[in-house]
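In what follows, a single structure is set out as structure tokens and then discussed.
What you see is a predicted model, and the numbers here were worked out from it, not measured in a lab.
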Number of protein chains: 2
Amino acid sequence: MVARRRSEMMEETRARLIHAARKAFAEKGYAAASMDDLTAEAGLTRGALYHHFGDKRGLLLAVVNQIDAEMATRARAIGSLADNDWEGLLAEGVAYIEMALEPEVQRIVLLDGPAFLGDPSNWTSQNSCLQATWQKVEALTAQGIIKHVDAEAAARLLNGAALNAALWIAASDDQQDVLVKAIEAFRCLAGGLMEVPASLPASPSRRS
Amino acid sequence: MVARRRSEMMEETRARLIHAARKAFAEKGYAAASMDDLTAEAGLTRGALYHHFGDKRGLLLAVVNQIDAEMATRARAIGSLADNDWEGLLAEGVAYIEMALEPEVQRIVLLDGPAFLGDPSNWTSQNSCLQATWQKVEALTAQGIIKHVDAEAAARLLNGAALNAALWIAASDDQQDVLVKAIEAFRCLAGGLMEVPASLPASPSRRS
DNA sequence: TCTATTGACATACGCGGCGTATGTATGTGA
DNA sequence: TCACATACATACGCCGCGTATGTCAATAGA
């Protein structure tokens, strides 16, 4: 028997509970997931769960934060591979769309999260995914590459568009085909943020 | 006592249940709303509810469809007031953002709907709001005003952006201020769909 | 080293909510 | 008017969450 510290044990207990919760929430949805089943799957009981997370929502919050952090890390990594910040922003958006196709992400973060925890902006104090996009938008604004719109607004709408694209793709029959269309439309929309020569107005056919 | 047909009574019963459900779902959320309380509010019991709607999800579906239809009607009306189809599309989008600020719409259609009924595209067979945007996009494509992207994709991403904007606004402190920013960003994004002279590439600084 | 106290869990209980099975009354067709 | 269907109401059981309580191991102090 390897001697282990108490804190290590606790950490593992928390990890096992979150792991089981991710699985259960993704498969059955938050509402239909039973905490008895969930904890049993992790070799524990509800006692441990309430001790560590307070209530069912607390567990969902912990799960969402974990997944959100993973997503942000992956998105930043993908975005940093791009040739420039603009392509980086697009790449991040596309990465969100693709990540959102995973049942864990979709079911837990995109559907149950907002429904049971409220608006994502209130999760934990910040949403890592949003922050990543937000920062990229600010950088591009400073570089004069995109228009001077509110950075947070742009980031939120971009993420919203990506999210909806993912829900659409996931529910479709030919996911590959739809994915291509969604990405094209996304790049198109994002292009609206780009700065254009002053001679070209953003809106056509303005009356009188 | 006014003599009334059976079908009229039933129709009123359904309407009263849906009305009570809209109120309860909007205030407490779908999960926390009790069907006993809800039906009592309507002067009925759960018996009537299960008779007409099958189960709790069936009631939610009926409520969502009703609100969705109302939203689409309002959006089309607003869109048709615009000077041209392009401004109509933008006006519809802005209208969605503003409508989504209403607790009924936000809580029921945007949060609980997707969580408990699945992707909106599977509701009833079509989502009226999406259809309205879709049609406008197709019309604009035919007129050569916007690029040849997939119309459904564009419509879905636009609606998704509007939806997310609404969630943001609703959770913010200064709703008026945020609403202005969101609308500006929305118009900006939507502008990305517009056709531009071929001499200007959609993407800047392409390498090699 | 022995003890006291804290903390990490397990166990036990009650409440409320959903779904279903059953009952009842009113309206409709022959 | 009689048989039947329909629109509800009532009654019951099961399940799931939250909390109160119990137990055991680990650390702290003397």
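Summarising the geometry, the separation between CD on A:E12 and C1' on C:dA8 is reported as 14 Å, rounded to the nearest angstrom. Taking atom CG of residue A:L49 and atom P of nucleotide C:dA10, one finds them 10 Å apart after rounding to whole Å. Straight-line distance from the CG atom of B:L17 to the C1' atom of D:dA9: 13 Å, rounded to whole Å. Rounded to a whole Å, the CG atom of A:L44 is 8 Å from the C1' atom of C:dC9. Between B:R46 atom CZ and C:dG16 atom P there is a gap of 14 Å when expressed in whole angstrom units.
Partner A:S128 forms a side chain to side chain donor-acceptor pair (under 3.5 Å) with one of A:N65, A:D68, A:T73 and no other, that one being A:D68.
Considering only side-chain atoms of A:A48, the nucleotide from C:dC9, D:dT19, C:dT20 that sits closest is C:dC9.
Taking every heavy atom of residues 25-41 of chain A and every atom of DNA chain D, pairs under 4.0 Å involve A:A33, A:S34, A:M35, by number. Contacts of residues 51-60 of chain A with DNA chain C (heavy atom under 4.0 Å): A:H51, A:H52.
In terms of heavy atoms, B:A33 sits closest to B:K56 at O-NZ, 3.0 Å. Heavy atoms only, all atoms of each residue included: A:A166 and A:I97 are closest at CB-O, 3.8 Å. The two residues A:Y30 and A:R57 have their closest heavy-atom pair at OH-N, 3.2 Å.
With sequence neighbours excluded, the residues forming a side-chain hydrogen bond (donor to acceptor under 3.5 Å, both in side chains) with A:E104 are A:R22, listed by chain and number.
If you check the side chains of B:R76 and B:Q135, you find a donor sitting under 3.5 Å from an acceptor. Defined by atom type and a distance below 3.5 Å, a donor-acceptor pair is present between the side-chain atoms of A:E152 and B:W168.
Between A:T13 and C:dC9, a side-chain N or O to OP1/OP2 separation shorter than 4.0 Å is present.
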Step-by-step side chain to side chain contact (heavy atoms under 4.5 Å, CB included) determination, B:L38 to B:L49: CA-CA 10 Å; B:L38 191 162; B:L49 212 160; 4.2 Å; yes

